[in-house]
*Asks:* 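Take a look at the following structure, please.
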Amino acid sequence: MLNQSITKGFYGAQFRADGAAFLGLALLCGLAGGFLGAVSHNAGPFHALSHGLLLDLFVLIPAFLGGMGRLVLPGELTTLPGLMVRFDRLAFLILFTGALSAIYGAREPAAFVFSLALWGFGTTFLALSTIVKCLECRVVRFRDLSPFAWSQLLASLGLIVMAPVFMAGLLHDLVAGHTSFASVQFWLGKLQVPVLALVVQLALGAIANLVAFHSTRLKITLPLLMAIPSLLVPVVWAHGVTVPGLSDDWLLGMGVAAPSFGIMALICASLWGRSFALTAALSWSFPALLLLSAGWVLSLFPMRPEAFHSAMLFGAVLALFGCYYRWQEQIPSIAAPHWLCRVHLVAMGVSALAMTPLLPVLQRCGEIGMIVSLFCVAVLGARALLPRQPHSEPSAVKADFS
């Protein structure tokens with residue numbers, strides 16, 4: 001038993017290191033993508049495509065699956081196989097190379113093809129590793145898996161459906177003589193719907209993990225709703241790639257919006273009538289839910305179609321930070337102080353308000369908010385590198401309700 005505990009602790013530490021690496025990669029891609037987006041108005045379409053690749057593909061999927069998945073899942077699983085650690089590191093190297101290719105594509109457009117293909121290979125390895133962890137290393141029945149574990153498993157299955165389809169389509173277009181820029185631009189646009197579906201589902205899974213679902217009916221209903229955006233949408237999308245099928249609006253409405261509101265309703269129903277402590281994680285989850293729901297309203301503004309996409313991704317970012325603060329709370333030696341959480345949340349809130357089409361005057365305030373947010377992220381990263389006490393291993397606990 002002692003041997004098993006030491007082995008689990010050893011591999012758990014390796015998974016935490018890998019999780020920190022994936023979060024660092026996501027932060028790097030976010031900063032590089034934001035900079036390229038700022039200069040794309042004057043620099044041309046190559047910088048804009050590099051901006052889209054980095055922000056749409058190399059930030060949230062690696063951050064949720066590779067980052068928080070490697071930080072949180074070891075606390076919910078039994079002994080972790082060492083082979084999966086190698087899979088994670090291979091996925092990180094592939095994704096890191098793909099991100100560099102996306103940045104270099106701003107100067108050499110042929111690099112965009114390698115970036116998109118490497119993202120497909122990297123996320124496939126990451127998904128395979130996550131599936132093995134959730135299936136082979138679980139110690140409870142499927143219905144007792146946490147919402148976070150369900151979201152990780154289902155999103156990984158969705159990636160396994162998507163990756164071969166778009167990589168085969170990309171290869172077909174290149175063989176047919178299409179230019180690399182046009183091919184990558186087309187497939188990046190095609191991937192936006194299924195990727196958004198997976199990101200929203202991962203964000204809601206992280207939020208739902210903070211809620212105590214005592215009812216067996218709710219424990220069964222939640223993964224069923226999660227399966228619609230994470231499995232049904234990629235399958236229908238993959239079918240529509242070769243055979244005309246549902247439009248993107250129908251996929252977003254029926255495959256993402258409807259189940260997402262259902263999951264939000266389950267979360268609200270579990271919170272209703274209970275008193276609870278407003279922890280740092282929960283304080284991030286409420287504005288995340290607000291943005292994830294308000295994003296659909298912003299899609300009705302024809303003058304700012306990008307506001308819908310930005311609001312949904314920003315809501316997912318808030319959910320990611322809430323998940324990270326929850327993980328840190330379980331390790332007292334590195335837990336962030338409450339004042340840092342409040343400052344960080346206010347800064348991100350101002351940045352989110354600056355995106356709305358009704359408040360353009362807040363654009364300068366939004367830039368200041370992003371700078372403050374980056375400072376807070378730097379402090380969080382520095383605290384995560386502090387020495388940890390031997391007894392401060394993260395455990396799989398949910399929000400305390402009384």
Side-chain angles (χ1 to χ4, degrees), residues 52 56-57 60-61 64-65 123 127 147-148 150-166 169 186-208 211 213 217-270 285 288-302 304-319:
D56 288 350
L57 302 183
L60 287 171
I61 293 290
F64 272 111
L65 282 182
T123 52
F148 183 84
W150 269 117
S151 68
Q152 295 272 310
L153 174 60
L154 293 170
S156 299
L157 292 172
L159 282 172
I160 295 298
V161 174
M162 289 167 44
V165 174
F166 90 81
F186 171 79
W187 284 103
L188 178 61
K190 290 287 289 183
L191 281 171
Q192 280 193 347
V193 170
V195 166
L196 181 64
L198 295 184
V199 166
V200 170
Q201 186 262 141
L202 285 166
L204 290 175
I207 296 172
V211 180
F213 289 96
R217 181 179 299 175
L218 292 181
K219 290 181 180 179
I220 296 175
T221 305
L222 186 66
L224 291 177
L225 288 175
M226 287 182 175
I228 297 174
S230 57
L231 280 179
L232 185 60
V233 168
V235 168
V236 174
W237 172 85
H239 178 266
V241 168
T242 55
V243 179
L246 292 177
S247 66
D248 288 349
D249 291 339
W250 276 100
L251 271 180
L252 284 173
M254 302 304 297
V256 184
S260 295
F261 283 121
I263 295 172
M264 294 179 193
L266 292 182
I267 294 173
C268 294
S270 298
S285 299
L289 287 173
L290 179 62
L291 274 177
L292 288 172
S293 56
W296 304 107
V297 178
L298 291 177
S299 65
L300 302 177
F301 286 83
R304 291 285 301 273
E306 74 280 0
F308 156 73
H309 194 250
S310 300
M312 302 298 287
L313 296 184
F314 217 93
V317 170
L318 294 180

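Residues take their numbers from the sequence shown, with the count starting at 1.
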*Asks:* Supply the atom-to-atom distance Leu292 CG to Met312 CE, rounded to the nearest 0.5 angstrom.
*Replies:*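 Answer for the CG-CE pair, Leu292 versus Met312, is 5.5 Å.
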*Asks:* List the atom of Gly169, the atom of Trp187, and the distance in Å for their closest heavy-atom pair.
*Replies:* CA-CZ2, 3.3 Å
*Asks:* Would you mind reporting whether Leu65 and Thr123 have side-chain heavy atoms less than 4.5 Å apart?
*Replies:*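 Of all side-chain heavy-atom pairs linking Leu65 with Thr123, none is under 4.5 Å.
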*Asks:* Return the minimal non-hydrogen interatomic distance between Ala316 and Phe64, and the atom names on each side.
*Replies:*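 Scanning both residues completely, I find the closest heavy atoms to be O-CZ, 3.4 Å.
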*Asks:* Give, for atom CG of Leu191 and atom CZ of Phe166, the distance between the pair rounded to the nearest 0.5 Å.
*Replies:*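 Rounded to the nearest 0.5 Å, the CG-CZ separation comes to 5.5 Å.
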*Asks:* I need the minimum non-hydrogen distance between Ile160 and Ala127, along with the two atoms involved.
*Replies:*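 Shortest heavy-atom separation between Ile160 and Ala127 comes out as CD1-CB, 3.9 Å.
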*Asks:* Between Gln152 and Leu202, is there a donor-acceptor pair closer than 3.5 Å when you use the side chain of the first and the backbone of the second?
*Replies:*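 No, because the side chain of Gln152 does not come within donor-acceptor range (under 3.5 Å) of the backbone of Leu202.
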*Asks:* With heavy-atom distances below 4.5 Å as the criterion, would you say the side chains of Gln201 and Pro259 are in contact?
*Replies:*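 No, side chains not in contact.
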*Asks:* Side-chain contact, heavy-atom cut-off 4.5 Å: Leu224 with Trp150?
*Replies:* no
*Asks:* Give the minimum heavy-atom separation between Pro194 and Met162, together with the two atoms involved.
*Replies:*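 Smallest interatomic distance, heavy atoms only, reads CB-SD, 3.6 Å.
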*Asks:* What heavy-atom pair brings Ala197 and Val256 nearest, and what distance separates the two atoms?
*Replies:* CB-CG2, 3.6 Å
*Asks:* Taking it one step at a time, do Val211 and Leu266 satisfy side-chain contact (heavy atoms from CB on, under 4.5 Å)?
*Replies:* CA-CA 10 Å; Val211 180; Leu266 292 182; over 6 Å; no
*Asks:* Identify the residue among Val161, Leu198, Leu159, Leu153 that makes a side-chain contact (heavy atoms from CB on, under 4.5 Å) with Ser230.
*Replies:*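 Among the candidates, only Leu198 passes.
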*Asks:* Check whether more than 12 heavy atoms from other residues, nucleotides or ligands sit under 6.0 Å from atom CE of Met254, and answer yes or no.
*Replies:* no
*Asks:* Answer whether the closest heavy-atom distance between the side chains of Leu196 and Asp56 falls below 4.5 Å.
*Replies:*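 Leu196 vs Asp56: side chains apart.
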*Asks:* Using every non-hydrogen atom in the two residues, find where Ala288 and Ile207 come nearest and quote the distance to one decimal.
*Replies:*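 The answer is CB-CD1, 3.9 Å.
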*Asks:* Just verifying a value: how many Å separate Ser156 OG and Leu231 CG, rounded to the nearest 0.5 Å?
*Replies:* 10.0 Å
